[in-house]
Protein chains: 2
Amino acid sequence: MSVTLDDVAGRAGVSRALVSLALNGSTRVSERSREKILAAVAELGYRPNLNARRLASRRTGTIGVLLTDLHNPIFADVLDGLDEGLGPLRDQILLASGFNQPSRERTAIESFLALQADAIILLGCQLPVTEIEELANTIPTVVVGRKTRVADSLIIDDTMGVRLVMEHLTGLGHTRIAHVDGGRGARAVARRQAYTEFMKDLGLERNVEIYHGDYTEKGGEAGFDQMWAQSKPTAVFAANDLSAIGVLGRARNQRVEIPAELSVAGFDNTSLAQSSGISLTTVGRPGIDMGHAAAELLTERLEDRSKKASHVLMEPALFVRSTTAQASTASVQG
Amino acid sequence: MSVTLDDVAGRAGVSRALVSLALNGSTRVSERSREKILAAVAELGYRPNLNARRLASRRTGTIGVLLTDLHNPIFADVLDGLDEGLGPLRDQILLASGFNQPSRERTAIESFLALQADAIILLGCQLPVTEIEELANTIPTVVVGRKTRVADSLIIDDTMGVRLVMEHLTGLGHTRIAHVDGGRGARAVARRQAYTEFMKDLGLERNVEIYHGDYTEKGGEAGFDQMWAQSKPTAVFAANDLSAIGVLGRARNQRVEIPAELSVAGFDNTSLAQSSGISLTTVGRPGIDMGHAAAELLTERLEDRSKKASHVLMEPALFVRSTTAQASTASVQG
DNA sequence: ATGAAAGCGCTAACAA
DNA sequence: TTGTTAGCGCTTTCAT
């Protein structure tokens, strides 16, 4: 049926072992044999069976990358950086999507494990920290967007990010600033808390308004609807870009002028926020940088498996674009 | 090192073969043995080695899905539908990204083949048709967004889609309608031709303006820049949503009023166009529908491998949103 | 530089 | 119902 090493060996008139050596770039193969072997490979259209190879050699040279949600462009951005940073390892990347459901994330991780991946990278992950830590005890694991004790992790400084956004908004004269949160998503608690803290620090605790979101566009839309029905703040800080875009969408639908009537800010600075017709004011780090950093974390971990977990805290920057503006004096109220 | 079937067998006091049977849900295993085995599995934390399993059983039960570009939300949409449509097979999906580069697509496909995938689904693919056909001769292949002779394929009716867009624009009084094309991307030729044809049919051949894009946001931005430097049409039809968003972004940057000064339409009807702050007028089919259809194609192919290729042509619909409007009489000119 | 042989962890006849 | 046996296609000592 399919062409095997034995077929190649027969065709080239050498042993199976020698073919294996030649194909794996061993130096101790004569030029003559190598040529014969390569010729046979080409003629027969031989393609190594990775399942067999990975079974025989104990290492698979494979790393599993789980993206929690393919619809959120931040993960595609991070993956680009990861791909660059991983360099020669990148042919061995196993991709999986969590389809934005914890159970799907779990099965994806299970299959990485079953395939004997050498390491796992979690790009956003909704699983409980305990599960992640359990995983990290089993296999080298790098988590992006989540802080855990035992796994290497990489996060944006949420407090600082929220502060940048809030200072920007208050600087524009806003006092009634609502928050559409990230629900049970990663970093949602930190961002929510930072928002509340900051409002308190400014003596605006009476104006704290939190609406439920879930880091998706739909979540942002729902958050806006609830918010607009209940109260009409002059600014809203959404827990991530995707939900900010949802807010924007509904606002436009309801003929709410952005930014004249309502300022909107996000978090992540995704490629979408940057260069599209959206032009969203947001805070964050280019995903590609995060990918590079994650690749570095993994490389270090692979070099020394027993070292203690590193936690990278990346400083975000503010990107002021077109969705925020001066609070109109008419709507400024305590 | 890692727990194997033999370990489980030893612990449960049965043979390796019986454990294998039990784990694969055979009915001819006594209740008593099954319980002992499951207990041993749990105690030892046994996890089957998929590489070994796939080597031993000749089928891998795996299907490889290649997404040409993770940044284009249409593919995430289609994948959702595919995932639903594949039902129980979905645990066996291998994902890969082409990172928007043909060479990366090729290596991804190579690795699907090396892993002995049972089938391959191409979600957008930049490879030459000949390569795709060669692939389809090797392994059951379904191509979304590309028509080939020997592979099952699924495409949107481009001519109809373009017609819907153009009728909409001309109905609004536009006569100077430019096109930002998809360059060398899939379906780009068909869309470009349909655009030209339709302009000719209306006696507007003198107004045909085609600018170079590549289905990405950046491509749309570049297309807009070139267009705006050279000519100032009243409407532009971009070859896909993502590039339409790029056009929108640059237009906003240049303080071009959308849709008052310039109407913009896309193609694909991605989730982004639908519900975000973008609210893009576009044409297409929900990606999720396409995913379902692709899953169906694959199922049929797997049932009868020798049947001749099916080619599904899906009818698109027009979605009028906020980026198109009546041509202002001032700018209407032959 | 090359080959023989053992074995990776599993499945799948075939026996019992 | 259960165990024995022979591979799956490859890598990897260890001889030569």
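- Residue B/S20 places at least one side-chain N or O under 4.0 Å from the OP1 or OP2 atom of C/dT11.
- Of the candidate nucleotides D/dC10, D/dG9, C/dG3, D/dC10 has the atom lying nearest to any side-chain atom of A/L5.
- Scanning atom types as modelled, one donor and one acceptor separated by under 3.5 angstrom connect the side chain of B/R16 and the base of C/dT11.
- Using a 4.0 Å heavy-atom criterion, one finds that A/R53 contacts the sugar-phosphate atoms exclusively.
- Among the atoms of the strands shown, only primed sugar atoms or phosphate atoms (P, OP1, OP2) are found under 4.0 Å from some heavy atom of B/S30.
- Along DNA chain D, the nucleotide nearest to A/D6 and the one nearest to B/R34 differ in position, and the one closer to the 5' end is contacted by B/R34.
- When the P atom of C/dG9 is taken as reference, atom CG of A/L115 falls 15 Å away, rounded to whole Å.
- A donor-acceptor pair under 3.5 Å is absent between the side-chain atoms of A/Q126 and the main chain of A/T68, judged by distance alone.
- Comparing C/dC14, C/dG9, D/dT11 by their closest approach to the side chain of A/S57 singles out D/dT11.
- Comparing D/dG9, C/dG3, D/dT11 against the side chain of A/N49 picks out D/dG9 as the nearest.
- Put simply, CZ on A/R58 is 13 Å from P on C/dG7, counting in whole angstrom units.
- The separation between A/R54 atom CZ and C/dC10 atom P is 17 Å, rounded to whole Å.
- Taking atom CG of residue B/L18 and atom C1' of nucleotide C/dA15, one finds them 15 Å apart after rounding to whole Å.
- Mapping A/G13 and B/L50 onto DNA chain C by nearest heavy atom places A/G13 at the nucleotide closer to the 5' end.
- Proximity note for A/A52 (side chain, C-beta onward) versus D/dG3, D/dG9, C/dC10: the nearest is D/dG9.
- Nearest approach of A/T141 to A/I139, heavy atoms of both residues: OG1-O, 2.7 Å.
- Candidate nucleotides C/dT11, D/dG3, C/dC10 were compared by shortest atom distance to the side chain of B/P48, and C/dC10 ranks first.
- Side-chain contact check for B/T216 and B/D214: at least one donor-acceptor pair (N or O, by modelled atom type) lies under 3.5 Å.
- For the pair A/I37 CD1 and C/dG3 C1', the computed distance is 12 Å after rounding to whole Å.
- Atom P of nucleotide D/dT1 and atom CD of B/E35 are separated by 15 Å, given to the nearest angstrom.
- Using a 4.0 Å heavy-atom distance criterion, A/N51 is classed as making no nucleic acid contact.
- A donor-acceptor contact closer than 3.5 angstrom is absent between the side chains of A/Q116 and A/T62.
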So A/I109 and A/L122, side-chain contact (heavy atoms from CB on, under 4.5 Å) or not? Walk me through it. CA-CA 9 Å; A/I109 289 174; A/L122 266 22; 4.2 Å; yes

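- With rounding to whole Å, A/R28 atom CZ is found 13 Å from D/dT16 atom C1'.
- Between C/dG9, D/dT12, D/dT11, one nucleotide has an atom nearer to the side chain of A/A17 than all others, and that is D/dT12.
- Atom-to-atom, CG of B/L21 to C1' of D/dT2 comes out at 9 Å; the value is rounded to the nearest Å.
- Checking side-chain atoms of B/D152 against main-chain N and O of B/S310 turns up a donor-acceptor pair under 3.5 Å.
- Annotation: of the two residues near DNA chain D, B/A56 and B/E31, the 5′-most nearest-nucleotide partner is B/E31.
- The side chain of A/T4 lies closest to D/dG9 when the candidates are C/dA1, D/dG9, C/dC10.
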